[in-house]
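Convention: sequence-line order gives letters A, B, ...; per-chain numbering from 1.
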Amino acid sequence: AQSVTQPDIHITVSEGASLELRCNYSYGATPYLFWYVQSPGQGLQLLLKYFSGDTLVQGIKGFEAEFKRSQSSFNLRKPSVHWSDAAEYFCAVGAHTGNQFYFGTGTSLTVIP
Amino acid sequence: KAGVTQTPRYLIKTRGQQVTLSCSPISGHRSVSWYQQTPGQGLQFLFEYFSETQRNKGNFPGRFSGRQFSNSRSEMNVSTLELGDSALYLCASSYNGGLGNEKLFFGSGTQLSVL
């Protein structure tokens with residue numbers, strides 16, 4: 001069965017520090033992988049996506065993610081966090097059989113000055 | 001281009017009542033999906049509509065239903081509300097979808113509280 005696990009419920013980092021959010025997936029075929037961000041009171045916004053090809057993908061707002069098939073992971077990274085990055089981050093996998101997505105439970109990011 | 005619009009923004013209902021939520025997708029988008037978001041559970045897929053037909057359905061009881069109109073606007077209905085239905089209901093649209101590889105555009109959601 002398809003599933004996504006985000007092991008870290010909450011992460012706190014200092015502004016300017018690097019960030020890595022973990023995501024592990026379970027999917028039978030080559031997955032379509034996504035990272036979305038949700039700011040308070042807002043809907044989700046796509047940060048980046050991976051379908052195939054280069055396993056390191058670049059997204060908006062300076063984020064990047066690396067697909068590692070051997071580890072079934074798709075971790076999100078940012079070299080230097082800004083206070084405006086404080087939000088909830090969701091990893092998702094898309095089902096090849098339709099427009100249906102499986103989301104992780106999210107990681108809440110707090111940025112301290 | 002206007003984004004995905006969900007109404008109302010907040011709803012308070014009591015157990016046993018029914019509720020209807022509305023979603024207007026981005027102009028030109030034909031696929032509309034609904035998700036339930038609760039703390040600790042993340043987002044769970046309810047169903048997806050395309051060209052007025054339900055194309056995919058998640059694992060929710062029959063109390064949850066939806067429909068899509070010819071202009072792609074969608075409504076979601078929950079009958080016989082239970083306390084556990086309290087959640088943020090998110091609507092998402094995409095142009096075509098179908099293979100799980102299309103970007104979703106989300107609305108801000110309807111926060112439903114069941115008392």
Following the transitive rule for hydrophobic clusters with a side-chain heavy-atom cut-off under 4.5 Å over Ile, Leu, Val, Met, Phe, Trp and Tyr, establish whether [X] and [Y] coincide in one cluster.
| X | Y | answer |
| --- | --- | --- |
| A:Leu76 | A:Leu19 | yes |
| B:Val4 | A:Val37 | no |
| A:Phe74 | A:Ile60 | yes |
| B:Leu90 | B:Phe50 | no |
| B:Leu88 | B:Leu21 | no |

Acceptor/donor pairs from residues 107-115 of chain B side chains to any protein atom, 3.5 angstrom cut, sequence neighbours excluded:
unit_1   : atom_1 : unit_2  : atom_2 : d
B:Thr110 : OG1    : B:Pro8  : O      : 2.6
B:Gln111 : NE2    : B:Ala87 : O      : 3.4

Please state whether the side chain, the backbone, both or neither of B:Tyr35 comes within less than 4.5 Å of a heavy atom of chain A.
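Looking at B:Tyr35, just its side chain touches chain A.
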For B:Leu43, is it the side chain, the backbone, both or neither that has a heavy atom under 4.5 Å from a heavy atom of chain A?
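Its backbone and side chain both get close to chain A.
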Residue A:Phe34 versus chain B: region with a heavy atom under 4.5 Å:
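For A:Phe34, the side chain is the part near chain B, not the backbone.
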Chain B neighbours within [range], where any heavy atom lies under 4.5 Å away:
| range | result |
| --- | --- |
| residues 86-94 of chain A | A:Phe90, A:Gly94 |
| residues 38-54 of chain A | A:Gln38, A:Gly41, A:Gln42, A:Gly43, A:Leu44, A:Leu46, A:Phe51 |
| residues 103-113 of chain A | A:Phe103, A:Gly104, A:Thr105 |

Output the option from B:Phe47, B:Phe106, B:Phe105 having the highest count of non-hydrogen pairs under 4.5 Å with chain A.
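Most pairs with chain A among the choices: B:Phe106.
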Name the member of B:Lys57, B:Gln37, B:Gln44 that forms the most heavy-atom pairs with chain A at distances under 4.5 Å.
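Of B:Lys57, B:Gln37, B:Gln44, B:Gln37 has the most heavy-atom pairs under 4.5 Å with chain A.
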Tell me whether [X] at atom [atom1] has more than 12 heavy atoms from other residues, nucleotides or ligands lying less than 6.0 Å away.
| X | atom1 | value |
| --- | --- | --- |
| A:Leu56 | CG | yes |
| B:Asn71 | CG | yes |
| B:Arg15 | CZ | no |

Side chains of A:Tyr36 and B:Leu104: closer than 4.5 Å at any heavy-atom pair?
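They are in contact (side-chain heavy atoms under 4.5 Å apart), so the answer is yes.
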How many angstroms lie between OH in A:Tyr32 and CD in B:Glu102, if you round to the nearest 0.5 Å?
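A:Tyr32 OH to B:Glu102 CD: 11.5 Å, rounded to 0.5 Å.
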